[in-house]
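Contents: one structure, followed by commentary.
Below, chain A is the first sequence line, B the second, and so on; all start at residue 1. Being a predicted model, the structure only gives us computed values, none of them experimental.
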Number of protein chains: 2
Amino acid sequence: MDFISKTPLFRGCTEEDILNMAKHLDFRTDRYKKGDIILRAGSIVTDIGLVLSGSVRIEYTDLWGNKSILGITHAGGVFAESYACIPDEPMMVDAVANEDCNILSISVPRLFAPCPVCGSQNRLIQNLVMITAEKNLQLSRRSMHTSPKTIRERLFSYFSQQVSAQGSNKIVIPFDRQQLADYLNLDRSALSKELGKMRNDGLIEFNKNSFVIKTDIE
Amino acid sequence: MDFISKTPLFRGCTEEDILNMAKHLDFRTDRYKKGDIILRAGSIVTDIGLVLSGSVRIEYTDLWGNKSILGITHAGGVFAESYACIPDEPMMVDAVANEDCNILSISVPRLFAPCPVCGSQNRLIQNLVMITAEKNLQLSRRSMHTSPKTIRERLFSYFSQQVSAQGSNKIVIPFDRQQLADYLNLDRSALSKELGKMRNDGLIEFNKNSFVIKTDIE
DNA sequence: ATAAGTATGTGGTTATAACCACGGAAATGA
DNA sequence: TCATTTCCGTGGTTATAACCACATACTTAT
């Protein structure tokens, strides 16, 4: 309960607000065991899932049975919110219990239904806008960084964004090499090679996850 | 005005609602001439831009000056909403007048501020959630389709999603070849070649923008 | 301290996608 | 209708990234 009020979705809500909403909006919690399918591709969802404990894996399976993992939502995070917010939009992915977990379901239609009494749910909707907007920016950034054809250009794109975001030519990235490769849609060893070349070419310096990007502006 | 009530952002609002909000939320319209920079990268925005006429181009410029166009927002659409919804998030992109245009600015902080009188703005916020959620799904889909390494696999990914969405093995896609290549992050001629091979291999049939995807299930 | 496991860099090979160029088809517009 | 332009497929070449294998450095645990 104390945990809930600290999640991005309920940020700014008092415990009283939450209890109030729990009644009005008919919150529901469910337990799942590792491997259980929480939401199935093709189904229509109307509920946001808030992960109370454990984690949820978002999996994509194409027509030919090829699977790939699109993301993990940990405790405190929400999943399926984009599908839940759009009426009649079938899920493209499965939500699978990555480990034993506890999920709080919140009905978007109820959330959107006007409630003259409590202004609390408006706060919730606002948080929801911010959460989806933030996910949007993350997706946009990745799109930008993976659009160049060459490894070097993708790294340039990513680095320049990080330089701007961190306000310095000296940046620390939140990825190890494999994760960076996944993020930029590259092979790890090819990535390592290109980083080495860029260092030789005097474009960057790096040590582990710390990089110095040398712009020609002195 | 009649136009405004038909935009996705104001869907479901009566003219009275809109006039009401125009007062409370202090709507502002601005004219821009083709080429004008409406919003500059690095700046903090708090307003959503609703395109009343003309169109707005979203441009990304990296540290080395390389530009790329990320998208166009036409009349009725909104832009910068993700940045406006997240406090202190600097724009990564420029918003440029693609042609002479008229922009309605709506302050998100005002939109989020509680107004005891009018419930109309809640409707607006709900629409905003749906708009961002929809953009989210679009971005996710593209991410899914561009993650495979080979052209054929990207096409499989895209086709299988379309088959599912259109509910038939016979699909019509909204792209010409160049656009499909851009969408899947491919070279056009390479794309054409691979489509030809897939036809030879008996996997698909196509004619212009109509495709038949042959699953092995008869 | 040592061992096991993980992360990273590097060389070499190969598949493959980008690139360039062009010819024909189809759409557009006068 | 004809002219013009855009769109699409194809061949050939080349650059490049994936892939494989391995050696070294770094972590972590016991």
Side-chain angles (χ1 to χ4, degrees), chain A residues 62 64 66-69 72 142-159 162 171-214, chain B residues 62 64 66-69 72 142-159 162 171-214:
Chain A
D62 69 21
W64 291 264
N66 306 311
K67 280 188 185 179
S68 61
I69 295 170
I72 310 271
R142 184 169 185 272
S143 246
M144 282 159 49
H145 303 325
T146 54
S147 67
K149 307 290 186 189
T150 67
I151 297 178
R152 182 170 295 205
E153 282 172 327
R154 290 191 193 185
L155 284 167
F156 276 169
S157 177
Y158 175 65
F159 284 153
Q162 285 296 310
I171 60 175
V172 178
I173 68 171
F175 297 130
D176 62 26
R177 292 292 182 278
Q178 182 60 59
Q179 291 169 329
L180 181 58
D182 288 344
Y183 180 72
L184 295 179
N185 224 354
L186 300 169
D187 175 78
R188 183 198 58 78
S189 70
L191 166 65
S192 271
K193 247 179 271 191
E194 190 60 32
L195 283 174
K197 283 189 203 165
M198 288 168 75
R199 169 148 61 188
N200 285 342
D201 293 350
L203 297 168
I204 59 174
E205 278 305 320
F206 62 92
N207 184 291
K208 305 192 22 163
N209 298 342
S210 301
F211 292 77
V212 179
I213 317 302
K214 305 190 176 174
Chain B
D62 69 20
W64 292 264
N66 305 310
K67 279 187 187 179
S68 63
I69 294 171
I72 309 274
R142 183 169 185 274
S143 245
M144 282 158 49
H145 303 325
T146 54
S147 67
K149 306 289 184 189
T150 68
I151 297 178
R152 183 170 294 204
E153 282 172 328
R154 291 190 193 186
L155 284 166
F156 276 168
S157 177
Y158 176 64
F159 285 153
Q162 286 296 310
I171 60 176
V172 178
I173 68 172
F175 297 129
D176 63 26
R177 292 291 182 278
Q178 182 59 60
Q179 290 169 329
L180 181 58
D182 288 344
Y183 181 72
L184 296 178
N185 224 353
L186 300 169
D187 175 79
R188 182 197 58 78
S189 70
L191 166 65
S192 272
K193 249 178 267 189
E194 190 61 32
L195 283 174
K197 283 189 203 165
M198 288 168 75
R199 170 149 60 189
N200 285 342
D201 293 351
L203 296 167
I204 59 174
E205 279 305 320
F206 62 92
N207 184 292
K208 305 191 19 162
N209 298 342
S210 301
F211 292 77
V212 180
I213 316 301
K214 306 190 174 172

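- No donor-acceptor pair under 3.5 Å is formed between the side chain of A:R154 and the backbone N or O of A:M144.
- For B:I151 and D:dG9, the CD1 to P distance is 13 Å, given to the nearest whole Å.
- At a threshold of 4.0 angstrom between heavy atoms, the contacts of A:L195 with the nucleic acid are absent.
- Between the CG atom of B:D187 and the C1' atom of D:dG11 there is a distance of 14 Å, rounded to whole Å.
- Annotation: the span from A:T150 atom OG1 to A:R152 atom CZ amounts to 8.0 Å, rounded to 0.5 Å.
- Using a 4.0 Å heavy-atom criterion, one finds that A:S189 contacts the bases of the nucleic acid, with or without backbone contacts as well.
- The backbone N or O of B:L203 lies less than 3.5 Å from no partner atom in the side chain of B:D201, so there is not a single donor-acceptor pair.
- Summarising the geometry, the separation between NZ on A:K208 and P on D:dC26 is reported as 9 Å, rounded to the nearest angstrom.
- Per the geometry, CZ belonging to B:F175 stands 19 Å off C1' belonging to D:dT6, to the nearest Å.
- Residues B:Q162 and B:I213 fail the side-chain proximity criterion, which asks for heavy atoms closer than 4.5 Å.
- The main-chain N or O of B:E194 is never found under 3.5 Å from a side-chain atom of B:R199 such that the two would form a donor-acceptor pair.
- Among the heavy atoms of the strands lying under 4.0 Å from A:N185 are primed sugar atoms or P, OP1, OP2 only; no base atom is included.
- Just one of A:F159, A:F156, A:Y158 meets the ring-ring contact (aromatic ring centres under 6.0 Å, His included) condition when paired with A:H145; it is A:Y158.
- Put simply, CD on B:Q178 is 13 Å from P on D:dT6, counting in whole angstrom units.
- Toward the 5′ end of DNA chain D lies the nearest nucleotide of B:K197, the other residue of the pair A:A190 and B:K197 mapping further downstream.
- Nucleotides of DNA chain C that come within less than 4.0 Å of any heavy atom of chain A span, from the 5' end to the 3' end, C:dT8 to C:dA18.
- Taking only distance into account, the side chain of B:R199 never meets the base of D:dG9 through a donor-acceptor pair shorter than 3.5 Å.
- Within 6.0 Å of atom NZ in B:K149, more than 12 heavy atoms from other residues, nucleotides or ligands are found, so the atom counts as buried in its surroundings.
- Where B:D176 and B:K193 meet DNA chain D, the nucleotide closest to each residue was compared, and B:D176 sits on the side nearer the 5' end.
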